[in-house]
There are 2 protein chains.
Amino acid sequence: MPRSTVPPESKRTRAAHPSPELAPASAARERLAAWIAEKGLKATRQRDVIVDTFFSQTGHLSVDDLLNKVQARDANIGAATVYRTMKILTDAGLASARHFFDGQTRYEAALDRHHHDHLICTRCHAIVEFENERIEALQDAVARQHGFVVTRHKLELYGLCRACQTLQNPPR
Amino acid sequence: MPRSTVPPESKRTRAAHPSPELAPASAARERLAAWIAEKGLKATRQRDVIVDTFFSQTGHLSVDDLLNKVQARDANIGAATVYRTMKILTDAGLASARHFFDGQTRYEAALDRHHHDHLICTRCHAIVEFENERIEALQDAVARQHGFVVTRHKLELYGLCRACQTLQNPPR
DNA sequence: TTGAGATTGAGACTGATTCTCAATTTCGAT
DNA sequence: ATCGAAATTGAGAATCAGTCTCAATCTCAA
Ligand SMILES: [Mn+2]
Ligand SMILES: [Mn+2]
Ligand SMILES: [Zn+2]
Ligand SMILES: [Zn+2]
């Protein structure tokens, strides 16, 4: 079962991290293997392809985009398997599901990433990430005032990015 | 066309606002009439029933809940009309659409209401509203730092309400 | 009263996602 | 290497909220 898109082996001597970009993908592969073992699941070629494809991307990928890229590598992999695999990655803490403006679930890598929130351009759909500990602290304070214990939150700021502000075309 | 759930007439003498709870509904009716005139739409019995039903409720009502209540008054009103009417109310600024945990659109009255955000209990689905101008200010600051002009935002805090914290049943 | 144009309800349709199920694959135990 | 229980797969059916289509009906300004 050769991994088609991954270069044979690193030329580096240090074995720990083959190359900067590949590190997350291979680390994810390891973490997934552990999760699969722990849960009594099974390793499959399809999951390998999907995970490799997902972690070779950056950003917030819709399932449909991911499916297209996956099928470019192996046309026989079905949509259901991509959905199922992304759910596993989410359960394993390796990916997070996001729901922005449209009805599609988007996934982003979650390995070694902080919590963050998003700025979204309603015209070009650019997504910018940010962290703001003061907002987070105020959220906690508000929740406490109302007797809530908050486990997660969603903060999305929608508007126009710098580039789109100058264009007068109707924002989509 | 008697309004079944609304008490006959206020006992008060002041004619301006029949009763505190009815004020929003009748004000909404007026605003909707203005919107309908302005847009060249037409007044219909169905819209009256839907608008009366919607404004006699409080909170965040799913379309399905609203449809049930509407059909309790007039079984012939169809789902499509409820969807269409809530869209009109939203365009007219009388209702706002919300999307929380599940896939359903919920509507809340928007007449004479401030912007606000929500705390949502993941177990009992209670929804508590809050306003926090410091959070809003920080959001603006963050957006500015990234060159965005923000037109709207979504802030939802998910967790357990006070009552649900003490129960050990698995949170749904 | 009339008629152009808006509205309606039923049901078909959509799009994202989940489910079903027979065929295939995995992997620990022989 | 072989076996077989259990997991996984892909295709297509099913689901679900919401939208669209269209013939029949209603509204309202003239
Ligand atoms: Mn992100
Ligand atoms: Mn609200
Ligand atoms: Zn933009
Ligand atoms: Zn609760």
Side-chain angles (χ1 to χ4, degrees), chain A residues 1-2 29 32-51 53-54 60-68 70-92 95-107 125, chain B residues 1 29 32-51 53-54 60-68 70-92 95-107:
Chain A
M1 187 199 309
R29 289 283 291 267
L32 179 62
W35 180 264
I36 281 178
E38 177 188 338
K39 297 292 175 185
L41 309 179
K42 286 173 180 173
T44 70
R45 177 181 43 78
Q46 289 90 333
R47 286 174 183 169
D48 286 345
V49 171
I50 294 165
V51 171
T53 305
F54 177 66
H60 306 81
L61 203 60
S62 71
V63 177
D64 198 58
D65 287 347
L66 178 57
L67 176 63
N68 287 333
V70 162
Q71 290 186 333
R73 295 203 199 182
D74 181 340
N76 296 319
I77 295 179
T81 302
V82 172
Y83 278 105
R84 290 187 281 232
T85 301
M86 292 316 294
K87 198 147 292 181
I88 291 173
L89 287 188
T90 302
D91 291 344
S96 359
R98 302 283 187 180
H99 301 91
F100 297 133
F101 43 90
D102 59 2
Q104 302 197 164
T105 300
R106 282 156 204 282
Y107 287 95
H125 296 172
Chain B
M1 187 199 312
R29 288 283 291 265
L32 179 63
W35 179 264
I36 280 178
E38 177 188 338
K39 297 292 175 185
L41 308 179
K42 287 173 178 173
T44 69
R45 177 182 43 79
Q46 289 90 332
R47 285 176 183 168
D48 286 345
V49 172
I50 293 165
V51 171
T53 305
F54 177 67
H60 306 82
L61 202 60
S62 72
V63 177
D64 198 58
D65 286 348
L66 179 57
L67 176 63
N68 287 333
V70 162
Q71 291 187 332
R73 295 202 200 184
D74 181 340
N76 296 319
I77 295 179
T81 302
V82 173
Y83 278 107
R84 290 188 279 232
T85 301
M86 292 317 295
K87 199 147 293 182
I88 291 174
L89 287 189
T90 303
D91 291 344
S96 3
R98 302 284 189 178
H99 301 91
F100 297 132
F101 43 90
D102 59 3
Q104 302 197 166
T105 300
R106 281 155 204 283
Y107 287 95

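Scope of the values below: all heavy atoms of this structure, side chains included, with no hydrogens, waters or symmetry mates. Chain A is the first sequence line, chain B the second, and so forth, proteins listed ahead of strands; every chain is numbered from 1.
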Quick one: Leu32(A) CG to dA7(D) P, roughly how many Å, whole number? 17 Å
Determine the minimum heavy-atom distance between Ala43(B) and Ile36(B), stating which atoms define it. N-CG2, 4.0 Å
What pair of heavy atoms forms the shortest contact from Lys87(A) to Tyr107(A), and how long is it? N-OH, 4.4 Å
Between dG18(D) (P) and Leu66(B) (CG): distance, integer Å: 12 Å
Looking only at side-chain N and O atoms, does Thr44(A) come under 4.0 Å of OP1 or OP2 in dA7(D)? no
Atom CD1 of Ile36(A) and atom C1' of dG28(C) are separated, to the nearest Å, by 16 Å
Gap between atoms CD1 and P, on Ile88(B) and dG18(D) respectively (whole Å): 17 Å
Quickly work out the Asp102(A) CG to dT19(D) C1' distance and round it to whole Å. 17 Å
What string of B, S and - do you get for nucleotides 10-19 of chain C 5' to 3' if you count protein non-hydrogen atoms under 4.0 Å? ------SBBB
note: Arg45(B), atom CZ; dC26(D), atom C1'; distance rounded to Å ~ 10 Å
Do the ring centers of Phe100(A) and His125(A) come within less than 6.0 Å of each other? no
Output yes when a side-chain donor or acceptor of Arg47(B) lies under 3.5 Å from a complementary backbone atom of Ile88(B), and no otherwise. no
Could you tell me how far apart Met86(A) (CE) and dT9(D) (P) are, to the nearest whole angstrom? 14 Å
Counting heavy atoms from C-beta on, name the nucleotide in dT8(D), dT8(C), dT9(D) closest to the side chain of Leu41(A). dT8(D)
Tell me if a side-chain donor or acceptor on Gln71(A) pairs with a main-chain N or O of Ile77(A) at a distance below 3.5 Å. yes
Between atom CZ in Arg47(B) and atom P in dT25(D), what is the gap in whole Å? 19 Å
Between Leu61(B) and Phe54(B), which heavy-atom pair has the shortest distance, and what is it? CD2-CD1, 4.3 Å
